[in-house]
S.K.: 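Dropping a structure here in structure tokens format, bear with me for questions.
Order of the sequence lines sets the chain letters (A, B, ...), proteins ahead of strands, with each chain counted from 1.
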Amino acid sequence: MSQYNNKNSVISVCFASCIFVVMCLFSTVALAYTGVTIVMSSKTEANLAFVEQFKAELTSDENNTLSLKVLELPARKRLVVAENSELVIALGEKALEAASKLSHTTPVLAVYTPTLAYEQILEKSRRDASNMSMIMQNQPYARQIHFIQLVLPSAKNIGSLVNGNSQAYAEQLKMRAEKKGLNLQLKHLNDSTRLLPELKTLLETNDALLAIPDTAIYKPDTAQPILMTSYQFKKPVLSYSLSYVKAGALAALYSSSRQLAKQAAEIAQQSQIAGNPLPLPQAPKFFSVRVNRQVARLLNIEINSDMAIYQALLAADPLQNE
Amino acid sequence: MSNIGIKTRVIFLGTVPALLFAIILIGYVISNIFGILNQSLVDRGKIIASQLAPAAEYGVISGNRQMLQKLAQQALDNEQDLKTVMVVDNQGLVLAYSGQAIPETLISKIMQDNLPEYKQARGIIFTAPIHRSLVEIDDFASLEETPLEQKKDFSPEKIGQIYVELSNQSLQSYKLVFVIKIASIALFGLLLSGWLAWRIGRNITQPIQEIARAVNKVREGVLSQTLVENSSGELKTLQRGFNSMSASLKHAYDVMQDKINDATSMLRHQAQHDDLTGLINRREFEVRLERCLKSAKENKARHVFCFLDLDQFKLVNDTSGHIAGDELLKQVSVLLAIRMRERDTLARLGGDEFGLLLENCTQKEADQICGAIQRIIRDFRYSHDDKIFNIGVSIGMVVIDDHFENVSEVVHAADMACMNAKKAGRNQTVLFNAGDAEVLEQKNAVEAIADITDEIEDDQFMLYCQAIVPLTPNLPHLPNMPAIPQQHHYEILLRKVDLDGKIILPTTFIPSAERYHLMPNIDRWVIKNAFIAYRKLLDINYEHCNFIFSINLSGTSLGDQSLLPFIREQFAKYAIPPASICFEITETAAIVNLKNTILLFDALREIGCKFALDDFGSGMSSFMYLKNFDVDYLKIDGAFVKEIHQNRIDNAMVRSIHNVAESMNIKTVAEFVESDAILKQLEIIGVDYGQGLHLGLPITVKELIQQYAELHPR
């Protein structure tokens with residue numbers, strides 16, 4: 001009876017070994033996938049525009065061998081399919097959080113994610129910047145300062161509301177602005193109900209309000225009160241997005257989805273070369289400028305054409321001139 | 001509805017549907033318009049509230065009450081009917097208000113029930129939440145990570161509430177004005193349609209009324225009535241129809257009128273003319289006579305009236321029959337008519353009597369004319385069935401002057417003159433002379449019957465009776481006061497009582513009564529009263545009542561078809577034994593009315609009556625006719641009896657009559673037994689009965705009844 005049992009166990013081991021070999025063969029096939037996977041939490045306009053542009057960038061490159069896969073998965077699920085991608089681009093904080101859980105061999109590039117959130121996820125995933133990099137939201141300091149000076153040449157005091165998310169960038173910016181002769185007054189907003197009173201005190205003493213991306217301050221429901229309060233004081237708002245300009249901000253320095261996609265495509269192509277680590281988190285390379293002429297007229301501010309400002313910024317931009 | 005006129009119906013038809021339509025339309029319009037107005041007020045309130053809400057957003061967020069107050073005041077100033085604008089934060093704290101404040105209790109109620117609107121008596125409160133508006137400021141949505149489809153359902157934060165109260169007073173007054181206006185329009189429309197209906201109705205009824213008036217005129221006899229054909233459609237057809245009907249009626253009426261005129265003139269001719277001869281009849285003649293009498297009185301004109309009576313006409317009639325008599329009359333009429341002057345009037349007055357009216361004629365001329373007429377008639381030979389007759393004419397002439405009161409006087413005068421002419425030997429002309437004794441007598445006779453009418457009064461006549469006494473020796477008799485024999489035979493005699501109570505003998509009034517056709521009535525009166533008398537006798541003592549009453553019937557009564565029924569009726573009425581009644585008819589009357597007499601005799605014989613032939617022997621051919629009549633008695637004419645004791649011829653006549661009668665088993669009665677000598681002769685001859693002064697004077701029937709009553713008390 002025991003003899004018989006031993007024979008059976010030998011057969012079972014052999015069978016299991018065979019299955020393992022087959023599975024290994026299949027996993028080799030899976031490891032062999034070379035392409036970029038874009039992970040998005042949902043199909044927002046910006047995400048779709050990003051994907052479209054990214055695809056266009058890849059196809060426009062004759063040497064490109066990368067294929068593209070787009071995943072829209074529930075963020076909590078493990079992105080098994082994205083394993084072994086040449087590069088996973090995570091659009092947004094939630095997509096990044098999901099992608100961060102992929103194996104460390106899969107490089108992840110974060111787009112549309114605040115720096116603070118990126119840092120937190122990076123820390124949590126125990127990765128390093130070489131395999132989980134990002135394209136930052138905030139414009140480079142010099143470009144931002146130069147932009148302020150181009151739009152409001154006479155402005156000396158610029159106010160800005162900050163919170164935990166934006167504080168680090170703001171402080172850096174303040175420090176560099178002062179070197180350029182621009183006083184950036186930062187106002188910490190810990191209590192959201194104090195938004196308007198704080199804003200009022202800020203506007204009373206400054207020439208303009210500089211909006212720095214911070215979801216705790218600049219939300220859809222605060223946008224209008226902020227704008228209206230600013231214009232009650234006849235002080236312009238300088239913002240970071242095209243939407244904000246359209247909503248009533250005087251001017252914006254921003255990078256569009258397509259510009260970010262173009263930058264991401266460059267990173268993907270560079271990282272295609274085997275063994276190349278991802279570049280360190282970098283500021284948006286390509287950018288745009290938009291001025292709300294109606295607001296400018298109402299506030300009696302004369303501003304150069306968008307193109308002139310852009311050209312001026314471009315000429316002085318270190319990233320562009322690399 | 002059935003007795004409503006056309007105009008009323010048209011007005012009814014024109015207004016009632018319009019009224020119903022107007023009511024429905026007004027109801028529909030008002031309910032719709034009011035609904036729309038109410039809805040527009042609600043919409044307006046909602047719009048105001050919803051527009052004020054975002055405007056108040058910044059004020060609420062920023063806590064800028066001044067700004068909110070300004071907003072509320074502006075809204076109140078700019079919006080009509082806006083009573084209140086209130087801005088309340090999400091804690092229920094009133095941030096600003098303008099107008100009348102809404103009580104807090106009401107606000108809390110509205111908030112609690114989450115009502116979008118709240119209706120009050122004088123207005124509606126609308127509420128709208130004040131939301132914190134969302135403005136997209138992030139190009140990548142990375143701040144929120146909100147997918148596209150989720151963004152649409154995103155509900156913004158409510159930061160306050162706006163209350164707006166709209167007054168509905170001006171809406172109410174507008175509604176009132178609207179209702180008044182629409183009702184006025186409807187009323188105007190209704191009046192207009194009523195007026196139109198009235199006009200249409202009048203357009204219809206006017207021609208109809210005209211037609212009706214025309215029809216009435218036609219009904220009144222104005223057949224020339226026509227209508228102007230001014231209508232159209234059916235009414236024109238009606239008008240045309242009426243006109244053609246009126247024309248047809250007129251034509252028919254004219255044709256009918258012509259026929260009536262023809263018939264009238266024919267009737268007039270018939271009324272004025274004699275059927276047999278074609279001459280003017282008695283009635284028309286009297287009319288002309290009247291005219292002449294009038295002109296005689298007024299203008300002293302002289303006219304002559306001649307009364308012509310043919311002599312020997314009766315002979316022709318008796319021997320050759322009525323047809324021959326009629327033919328004779330026709331020929332004589334033609335003969336006379338030829339001789340007339342243009343102005344003269346010849347008429348047949350009845351039987352063989354003619355009247356000749358000679359207007360504006362002297363007596364001399366009249367004499368000549370009458371002479372000529374008599375010559376013509378005398379020379380005329382009338383032949384019939386190989387018999388040739390010579391006839392003559394007796395003429396009574398009257399000069400019409402103002403002595404005559406009336407036409408009948410003229411006629412009677414001429415009649416009397418004519419009778420005198422006959423008496424004078426016939427074929428003579430006698431001029432009426434008012435002073436003549438005969439004329440006076442005749443006048444009296446006429447006067448005697450003047451009061452007799454169709455209805456004879458009881459006191460006008462009186463009945464007498466005279467005994468008819470058996471002469472046979474075996475029958476006892478008493479000369480002066482006869483004892484009641486076995487059969488008490490009396491002849492009923494008639495006497496007239498004049499106005500003074502004087503008794504008039506029948507010889508005085510009967511000829512006139514016969515001439516004026518009064519005899520049938522008189523006969524009936526006699527029959528009736530004789531029967532009454534007999535009834536009295538029967539009532540006194542039935543058993544001993546064995547009277548025979550002989551009642552005379554005149555010749556004219558024989559031709560009366562209704563006499564027989566009358567006699568039967570009287571028999572039935574008074575229950576008289578028919579065998580007790582004997583009817584007496586003169587021989588001449590019987591011969592003239594031969595056929596009727598036989599029929600009457602046969603009929604009465606069936607009942608059981610007896611008959612006597614009166615005045616037998618006076619006629620021309622008595623014996624020949626005797627065979628025709630089944631009679632019980634022959635009454636020998638008094639003319640033979642009066643002188644029987646002196647005249648052998650009379651004696652022989654009576655004897656022969658008696659012999660013939662005896663051989664025919666007919667009893668003979670001799671009249672005029674006035675003396676014992678006569679009586680003896682009669683007894684010798686063997687005449688059965690006698691009647692006369694010698695045998696018994698006439699007594700009144702009343703006396704007879706009285707005597708009978710005394711002899712046979714009840």
S.K.: Are B:Q161 and B:K158 close enough that some pair of their side-chain heavy atoms sits under 4.5 Å apart?
M.R.: yes

S.K.: Using the side chain to side chain contact (heavy atoms under 4.5 Å, CB included) criterion, which residues pair with A:T229? Sequence neighbours excluded.
M.R.: A:L196, A:L199, A:K200, A:L203, A:F233, B:Y58

S.K.: A:P236 and side chain to side chain contact (heavy atoms under 4.5 Å, CB included): which partner among A:L298, A:L152, A:N292, A:V151?
M.R.: A:L152

S.K.: Checking A:S239 against chain B: side chain, backbone, both or neither under 4.5 Å from a heavy atom?
M.R.: neither

S.K.: Heavy-atom distance under 4.5 Å to chain B: side chain of A:Y254, backbone, both or neither?
M.R.: side chain

S.K.: Return the option, out of A:P225, A:A223, A:A249, A:A216, with the maximum number of heavy-atom pairs under 4.5 Å with chain B.
M.R.: A:P225

S.K.: List in chain and number order the residues that pass salt bridge (charged side-chain N to carboxylate O under 4.0 Å, His left out) with B:E117, two or more places apart in sequence or in another chain; answer none if no residue qualifies.
M.R.: B:K46

S.K.: Identify which part of A:L227 has an atom lying under 4.5 Å from any heavy atom of chain B, answering side chain, backbone, both or neither.
M.R.: neither

